[in-house]
Number of protein chains: 2
Amino acid sequence: MIQLTLEQARELAQKILRGNGFSEPHVQAVSATVLAGERDGCASHGLYRVLGCVSSLKAGKVVADADPEVIDQAPALVRVDAKGGFSQLAFQAGLPVLVEKARQCGIAALAINRCVHFSALWVEIEALTEAGLVAFAFTPSHAWVAPAGGSKPVFGTNPIAFGWPRAGHNPFIFDFATSAIARGEIELHRRAGKPIPLGWGIDQHGQPSTDAEAVMNGAMLTFGGHKGSALAAMVELIAGPLIGDLTSAESLAYDAGSKSSPYHGELIVVIDPRRFLGEATDEHLARAEAMFESIQGQGARLPSQRRYEARARSAEQGVQIPQALYDDLKALIAD
Amino acid sequence: MIQLTLEQARELAQKILRGNGFSEPHVQAVSATVLAGERDGCASHGLYRVLGCVSSLKAGKVVADADPEVIDQAPALVRVDAKGGFSQLAFQAGLPVLVEKARQCGIAALAINRCVHFSALWVEIEALTEAGLVAFAFTPSHAWVAPAGGSKPVFGTNPIAFGWPRAGHNPFIFDFATSAIARGEIELHRRAGKPIPLGWGIDQHGQPSTDAEAVMNGAMLTFGGHKGSALAAMVELIAGPLIGDLTSAESLAYDAGSKSSPYHGELIVVIDPRRFLGEATDEHLARAEAMFESIQGQGARLPSQRRYEARARSAEQGVQIPQALYDDLKALIAD
């Protein structure tokens, strides 16, 4: 393992992104989210993703200097046309408008369109809870997941994220795929030649399988049976056709085998508690704290706890990445 | 079984509600939703619920003639104070304001406060999809469900419902508890002296159990492990403290053992696709239809299919209810 300070990790990511031709605003926005992932112990959304940024660019699947356009769509709706660039800069562009609309109207939504998406949703949720808002985020991916009762891929891994601001505490945030497991986990088992648990996927004939390769060529399954499948369909609809953007099937077709990050949209919804609660806001948010205490008081964990623990560790000790990843990253630095 | 036409079923419900003292607006609103449940093959939300309406009234836990008050909270927020009455009339009172706000702002939310709640959320979702809106609904219940990794009840069965309007088709709607199973199912097993499947709940010591009675005295579990648990927490937060209303734990404490329907709030969020999509609305909604076809084309079912089939049957044949339920209902008709 290679030990890096957070500053070294950021500089490494920025040097690669800059050297490969991304515009400075994209270098800043993308490096901030991969650093957040690495720092919080989410290696799958950490520095490793810089490899995919560069390969997506080389495959012609992302615009290196896209300049997002903010569209004031309706009193409580804002859209950002990412113009084929990574989603992070588009989110940054839309964020102040979204926050202002939520404060004005009580609830508001941001649609990011035509973006290339690979970042963890919790990073964006956290920016919204910092503004004191309750936030939801949804995005499709590539069609790898079969509907309950079916055998052929329709849905992406379709994450759902939610955040709740907490005075004096890290926010309550969850961010999970509606697939039973991340696709990367199946790929890791395939590489290691290890069987996968039953329930992760089915083979091309629709039969439950523990063979990682067979499942990658067949279909993944959703978490939670027909309920998870219903949620996956919801994500397709509200972060696809509802905002005029691609479904996971359409996004995979667009990818045409390049194995780039998905190109599509994202929907974010925010609610301002103060517009519902007025002067009683603090009193009611205190009742939410009582619920968190009743969860933690019985030894159960809140969804984001592991990430906050990793964050505290990284602040003191920096991060460690595998030597092989470090070598792959170094190889992308233009001479 | 007793055979009833839909009109007979409606009259039976109305006669009981009216005879026991509910005001005419509540008689109409409540009978409409229990009839919808019976008609759609959801016996657990059908005529059976009229028994609970009367027992809640006798226990002093519902206001028979509550007159809901609509509060224009913010440009995109409306609240209805149900004043201790059943939720249905409060929803009806808020509906036109919610629809108007969604058309105006693009997204809007309705909070129903201080209502007694027992109705299926899909009935309300359907009223919103009929208005051409995409809709979400959330409500807590009574604290019967343990968080993932815990052993003591914190959450209610906390349903989540979603609807998507479809031109020329019944809407795409799902409505499911975030608990592994409805509490009524466990109660049915207990009465029948039958074991329940592993995964539905745990006993008072936190151990997995197949004993229905032990689980009813212990805790139910969420569907989908930690993901379902995270969603259950979200429902508590957004349909509880966020709208200034009770959590499932607070609602159960308020019930004080009367076994009445929960007294708390409900959150409904709607989005107007036309405000996102403008002239391209039909084109994008057609892409949603392509996704539904790719699900049904492989032999999988859409979430609401079974209900629509029951609805078609009931329109022709009426409904059948058990003799024992019919007798119990008849006994509630005031002489």
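Computed from a prediction, not measured in an experiment: that's the story for all the values here. Per chain, numbering begins at 1; letters A, B, ... match sequence-line order.
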query = Which answer fits Ala108(A), side chain, backbone, both or neither, if we ask what part of it has an atom under 4.5 Å from a heavy atom of chain B?
reply = backbone
remark   = The interface call for Pro303(B) against chain A, heavy-atom contacts under 4.5 Å, is side chain
query = Distance from Leu277(B) atom CG to Leu242(A) atom CG, nearest 0.5 Å?
reply = 6.0 Å
request  = Return the option, out of Thr247(B), Thr222(B), Ile243(B), Ile71(B), with the maximum number of heavy-atom pairs under 4.5 Å with chain A.
outcome  = Ile243(B)
request  = Look at the side chain of Lys227(A) and the backbone N and O of Ala177(B), then say whether any donor-acceptor pair between them is shorter than 3.5 Å.
outcome  = yes
message = Is Gln296(A) close to chain B through its backbone or its side chain, or both, or neither, when contacts mean heavy atoms under 4.5 Å?
response = neither
key: Heavy-atom proximity to chain A below 4.5 Å, by part of Ile271(B)   = side chain
query = Any idea which heavy atoms bring Ala148(A) and Ala300(B) closest together, and the distance?
reply = O-CB, 3.5 Å
key: Heavy-atom side-chain proximity of Phe155(A) to Met291(B) below 4.5 angstrom   = yes
query = Taking the side chain as C-beta and beyond, is there a heavy-atom pair between Ile238(B) and Phe276(A) under 4.5 Å?
reply = no
remark   = When rounded to the nearest 0.5 Å, the distance separating CG of Leu237(A) from NE2 of His284(B) is 13.5 Å
ask   = Do Val154(A) and Gln298(B) touch side chain to side chain, with heavy atoms closer than 4.5 Å?
value = yes
Region of Ala180(A) in contact with chain B, defined by heavy-atom distances below 4.5 Å = backbone
ask   = Do you know which of Gly278(A), Ala233(A), Ala146(A), Gly225(A) has the most heavy-atom pairs with chain B at a distance under 4.5 angstrom?
value = Ala233(A)
inquiry  = Side chains of Phe174(B) and His226(A), heavy atoms from C-beta outward: is any pair under 4.5 Å?
reply    = no
query = Any side-chain heavy atom of Ile107(B) within less than 4.5 Å of one from Val269(A)?
reply = yes
query = Hey, which of Gly206(B), Gly240(B), Ala280(B), Gly224(B) has the most heavy atom pairs under 4.5 Å with chain A?
reply = Gly224(B)
key: From OG (Ser229(A)) to CZ (Arg301(B)), nearest 0.5 Å   = 13.0 Å
task = Under 4.5 Å, counting heavy-atom pairs only, tell me which of Gly149(B), Ala74(B), Pro75(B) racks up the most with chain A.
result = Pro75(B)
ask   = Looking only at atom types and distance, does a side-chain atom of Arg287(A) sit under 3.5 Å from a main-chain N or O of Asp245(B), one as donor and one as acceptor?
value = yes
note = Bottom line for Ile173(B): the part with an atom under 4.5 Å from chain A's heavy atoms is neither
key: From Arg79(A) atom CZ to Arg275(B) atom CZ, the distance as rounded to the nearest 0.5 Å   = 12.0 Å
ask   = What is the minimum heavy-atom distance between Ala230(B) and Phe176(A), and which atoms define it?
value = CB-CE2, 4.1 Å
ask   = chain A heavy atoms under 4.5 Å from Ala288(B): which part of the residue, side chain, backbone, both or neither?
value = both
ask   = With respect to chain B, which residue among Leu246(A), Thr178(A), Leu231(A) yields the maximal number of heavy-atom pairs within a distance under 4.5 Å?
value = Leu231(A)
ask   = If you count heavy-atom pairs under 4.5 Å between each of Trp164(A), Phe136(A), Phe162(A), Phe172(A) and chain B, which one has the most?
value = Trp164(A)
request  = Specify which of Ser294(A), Gly297(A), Ala286(A) makes the most heavy-atom pairs with chain B at under 4.5 Å.
outcome  = Ser294(A)
task = Would you mind checking which part of Glu250(B) comes under 4.5 Å of any heavy atom in chain A, side chain (CB onward), backbone (N, CA, C, O), both or neither?
result = side chain
